[in-house]
Amino acid sequence: MRPFTKHTGLAAPLDLANIDTDMIIPKQFLKSIKRTGFGKNLFDELRYEDEGQPDQSCEGRPLRHDFVLNQSRYAGASVLLARQNFGCGSSREHAPWALDDYGFRSIIAPSFADIFYNNCFKNGLLPIVLDAEDVDQLFAEVDAQEGAQIDVDLENQTVTSPSGAKFEFSVDQFRKHCLLNGLDDIGLTLQQEESIRRYEDKRMNAAPWLFLSREQ
Amino acid sequence: MAGKTLYDKLWDDHLVQQRDDGSALIYIDLQLLHEVTSPQAFEGLRLAGRKPWRISASLATPDHNVPTTKHERISGVDGIEDPVSKIQVTTLDENCNEFGITEFNMKDIRQGIVHVVGPEQGATLPGMTVVCGDSHTSTHGAFGALAHGIGTSEVEHVLATQCLVQKKSRNMLVRVDGELSPWVSAKDVVLAIIGAIGTAGGTGYAIEFGGTGIQSLSMEGRMTVCNMAIEAGARVGLIAVDDTTIEYVKNRPYAPKGEHWDMAVAAWQDLVSDKDAQFDEVVVIKSEDIKPQVTWGTSPEMVIAIDEAIPRAEDQVDPVKKEGYARAWKYMGLEGKTTLADVTLDRVFIGSCTNSRIEDLRIAAQVVKGRKVASSLKQAIVVPGSGLVKAQAEKEGLHEIFEAAGLEWREPGCSMCLAMNADKLGNGEHCASTSNRNFEGRQGFGGRTHLVSPAMAAAAAIAGHFVDVSEFVKH
């Protein structure tokens, strides 16, 4: 996994609460068997006037000009400012894949849905929870100044606003460690093979019916 | 020391390793797999040269984008007309073959929606941990199992290690007290709960549903309730094990037998929250206050009782809510309407992992029997949750009742719940749907979803608009 240490980038404000994963990446694009290529369909229904199809080129599709990512001042944004309960709904990891593929490295919101939050960490994408007032301030600053950049520092767990205001955020130490070092979760867990085997032995005694082989 | 909640017990029983930072490695007893969220996980295994840790802990079936029409289904996977869907279903077949995982493929009568199939086969058992790359995995919590949805990276992680890195959630109890009114179903209960606590009300919590209103539900009703825990933000929904649970599991194909059964039943008696257990949050809802529910907006929390007026944006105090309501009103095309009876319906969908089990079909059939679907409707479809549900319904003659009333009787799958196959809404169309999400575009680009119970959907199909089913059946 690509590590995340520090990132400074153009921020785009998506001023809508309860953005669900169907909005982030609509279902027709989930038919892909790959992890890449979802960026052009990120927020497809918010971004384009028409209904997008998998494998279709997005060049020339009619844009919804009021949508934040269609405004030229936010082209190339890599930090997404969002509102409460971002990523609710379906567990589709295609949502963080699409955000990542589009170029986002971090999402800042007052709250996230649990599964989405979890999925971000598996993909080198850093979701940051800040107090609603702090998020309000970031929205205001980004809106006020074209080209405003936000600085995200995972090591020190801080977000720095365009005007220099610093906000601290919390993150699980294990997740932080994995993200800073770009560590493969599975490899780490497999280092605990003995513990897993020991658990299985104990459990097999207590609940043998859980370990029966399945007849086809 | 205070007693343990059911969630605490399940967590402790599956703890492989506790880490200092609060995260933990927990063991997974069952992983359900489907075609949409598994291909990248299998590919990851292949790239890393890894094998599944324990193949007997996985069970697969295609569901999300299988077609539901007879002509497409007759030749199995070869009959899928959408080439992209076909690749995904074929990929699941190939991966299961390659790794030796049991799969109920499209030609198997046991194929169906994972969350219908797991319990139906007795693959889901009390006391288990169950995961699936699908947020509605919370369904299996109805069995006193710790069950939740995961992303594809975690699907791969579970395949490779049989474990998950997790952080323990907090405990919430939602107690539903008292007897439910006639024609008020499990779906109305859970929609009312979501209306009360909101779509983020359960975020960070495992919700245990309890109280006499929950205990009186059948296993299928309990599955409906737990299924939608995620729509209240909680990855995990739980219901304590009782005789209803054990009766349901008994004699299912994968349920333990003989000596194992006796051992299991003895162990399952403990799968209840201790009397002195402490919950971080308790919500109490009175059954008598719950009427048939209908969602009016684009989030499951935008829900009202059938006799209520649609809430207006201008009456909201909270600015975020005000804006959300205004957007939902516009998207749903509610201008000029006062109640949901004023909405003319285009389609009706009875199905999904929330409401496609035999009891759901029975009650819908009871409502439409001897009646005709409103001529204003473009379509009404009934999609059973599995091949076995379909067979049972046909044995009871329910398909004939549906067809005589003008509803289409389909093959099993997720269908119009998320419209990954050909079953979808047109732009601007209103649908009475027994599914679980009314998000913008969920059932089709520009589609307008109203979530209801099977009985309410059936009554709406006949009337052409929403009606209170408890009144409707009197006429």
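Letters A, B, ... are given to chains in the order of the sequence lines, protein chains preceding strands, and every chain is numbered from 1.
- Residue contact with chain A, scored on non-hydrogen atoms closer than 4.5 Å, involves the side chain of B/D82 exclusively.
- The aromatic rings of B/H14 and A/Y199 are tilted relative to each other, their planes meeting at an angle between 30° and 60°.
- Heavy-atom neighbours of chain B within the stretch residues 92-105 of chain A, taken at a separation under 4.5 angstrom, comprise A/R92, A/E93, A/H94, A/W97.
- Not one N or O on the side chain of A/E200 forms a donor-acceptor pair closer than 3.5 Å with the backbone of B/Y27.
- Most heavy-atom pairs under 4.5 Å with chain A, from the set B/Q40, B/H260, B/R54: that is B/Q40.
- The stretch residues 15-24 of chain A places A/D15, A/L16, A/A17, A/N18, A/D20, A/D22, A/M23 near chain B, each with some heavy atom under 4.5 Å from a heavy atom of that chain.
- Contact annotation for A/Y117: neither backbone nor side-chain heavy atoms come within less than 4.5 Å of a heavy atom of chain B.
- For the options B/S23, B/A264, B/G233, B/P39, heavy-atom pairs under 4.5 Å to chain A are most numerous at B/A264.
- Ranking A/N123, A/I33, A/L210 against chain B, the residue ahead of the rest is A/I33, based on heavy-atom pairs under 4.5 Å.
- The cationic group of B/R19 lies under 6.0 Å from the six-membered ring centre of A/F174 and within 45° of the ring axis, placing it in a cation-pi geometry.
- Between the side chain of A/D114 and the main chain of B/G204, a donor-acceptor pair closer than 3.5 Å is present.
- Looking only at heavy-atom pairs under 4.5 Å with chain A, the residue among B/K257, B/E154, B/H136, B/H148 that has the most is B/E154.
- Proximity to chain B at a heavy-atom threshold of 4.5 Å picks out A/D184, A/D185, A/I186, A/G187, A/T189, A/L190, A/Q192, A/E193, A/S195 from residues 181-195 of chain A, in numerical order.
- Listed by sequence position, the residues of residues 135-142 of chain A in contact with chain B number zero, using a 4.5 angstrom heavy-atom cutoff.
- Shown here is B/E259, whose CD atom has no more than 12 heavy atoms of other residues, nucleotides or ligands within 6.0 Å.
- Heavy atoms of A/K31 lying under 4.5 Å from chain B belong to its backbone as well as its side chain.
- Looking at B/T137, there are no atoms closer than 4.5 Å to chain A (heavy atoms on both sides), in backbone or side chain.
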